[in-house]
Structures are given as structure tokens and as C-alpha cells.
Amino acid sequence: MQIIVNGEQKQIEPGLTAAALVEQMGLGGRRIAMEVNQEILPRSRYGEHAFTDGDRVEIVHAVGGG
């Protein structure tokens with residue numbers, strides 16, 4: 001199954017959740033925001049949201065600084 005993450009195609013297993021994708025990308029524990037098909041996905045739904053073929057995902061993470 002293919003999805004597009006931050007503009008790049010990514011091969012994933014069917015049923016992959018948003019929470020699992022975050023862990024695979026090494027972003028666990030970071031302050032991030034995720035958009036799926038141009039809609040913000042609330043963090044409370046990461047564990048239950050499974051991607052479908054062709055989903056477009058954008059992930060951004062906060063960077064601190066002064």
C-alpha cells in the first residue's frame with residue numbers, strides 16, 4: 001500500500017495507524033501535528049486512525065529556539 005508523507009511516496013503495511021507511523025519515523029514523544037488529506041488529525045485519534053491507499057500525510061514538528 002502506498003501513501004505520500006511530506007511529499008514522498010512511502011510503502012506501508014495495510015492497517016498501519018498514525019501512531020505506528022509516528023514511531024516508525026522516530027517522532028515519538030515529540031510535539032507534532034499531522035494532517036491527512038488536508039484535514040488535521042487530532043492526536044487523540046492517532047492510535048485508531050488507519051491509513052488507506054493513496055492518503056496524503058503531512059507531519060510537522062515544533063522546533064524550539066530563542
Side-chain angles (χ1 to χ4, degrees):
M1 194 165 91
Q2 297 268 336
I3 62 173
I4 299 172
V5 180
N6 293 345
E8 296 183 18
Q9 286 206 349
K10 182 171 182 68
Q11 182 74 27
I12 64 167
E13 294 295 320
L16 183 76
T17 65
L21 178 64
V22 167
E23 290 302 318
Q24 281 184 8
M25 294 180 69
L27 298 173
R30 291 192 176 174
R31 295 178 60 190
I32 64 167
M34 184 181 300
E35 181 182 272
V36 179
N37 300 324
Q38 299 182 335
E39 292 186 23
I40 297 293
L41 181 65
R43 183 178 294 274
S44 62
R45 293 193 43 224
Y46 284 12
E48 66 189 46
H49 180 86
F51 296 108
T52 58
D53 195 44
D55 277 351
R56 297 185 73 84
V57 181
E58 294 293 327
I59 300 174
V60 294
H61 55 92
V63 177

Considering all heavy atoms of both residues, which atom of [X] and which atom of [Y] are nearest to each other, and what is their separation?
| X | Y | result |
| --- | --- | --- |
| Met1 | Phe51 | CE-O, 3.2 Å |
| Leu41 | Ala18 | CD2-CB, 3.7 Å |
| Ile3 | Thr52 | CG2-O, 3.6 Å |
| Ala50 | Gly15 | CB-O, 4.0 Å |

* Taking atom CD of Gln11 as the centre, does the number of heavy atoms from other residues, nucleotides or ligands within less than 6.0 Å exceed 12? ->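 Correct, the count exceeds 12.
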* Asked: Counting heavy atoms not belonging to Gln38, are there more than 12 under 6.0 Å from its CD?
  -> no
* Asked: Is the backbone of Val22 close enough, under 3.5 Å, to the side chain of Arg30 for a donor and an acceptor to pair up by distance?
  -> no
* Asked: Less than 4.5 Å apart, any side-chain heavy atom of Val5 and any of Ile12?
  ->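 The answer is no; the side chains never approach within 4.5 Å.
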* To do: Measure the shortest side-chain to side-chain distance between Gln2 and Asp53 over non-hydrogen atoms and say whether it is less than 4.5 angstrom.
  =>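 SC-SC contact between Gln2 and Asp53 confirmed.
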* Asked: Rounded to the nearest 0.5 Å, what separation is found between the CG atom of Leu16 and the CD atom of Glu23?
  -> 11.0 Å
* **Rounded distance (nearest 0.5 Å) linking atom CG of Asn6 with atom CD of Glu58** => 5.0 Å
* Pair Met25-His61, side chain to side chain contact (heavy atoms under 4.5 Å, CB included): steps then yes or no -> CA-CA 12 Å; Met25 294 180 69; His61 55 92; over 6 Å; no
* **side chain to side chain contact (heavy atoms under 4.5 Å, CB included) between Arg43 and Ile32, worked out** => CA-CA 9 Å; Arg43 183 178 294 274; Ile32 64 167; 3.6 Å; yes
* Would you check, one step at a time, whether the test side chain to side chain contact (heavy atoms under 4.5 Å, CB included) holds for Lys10 with Val57? => CA-CA 10 Å; Lys10 182 171 182 68; Val57 181; over 6 Å; no
* ILVMFWY network linking Leu27 to Tyr46, side-chain heavy atoms under 4.5 angstrom ->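 Yes; tracing contacts between hydrophobic side chains, which count when under 4.5 Å, links both residues.
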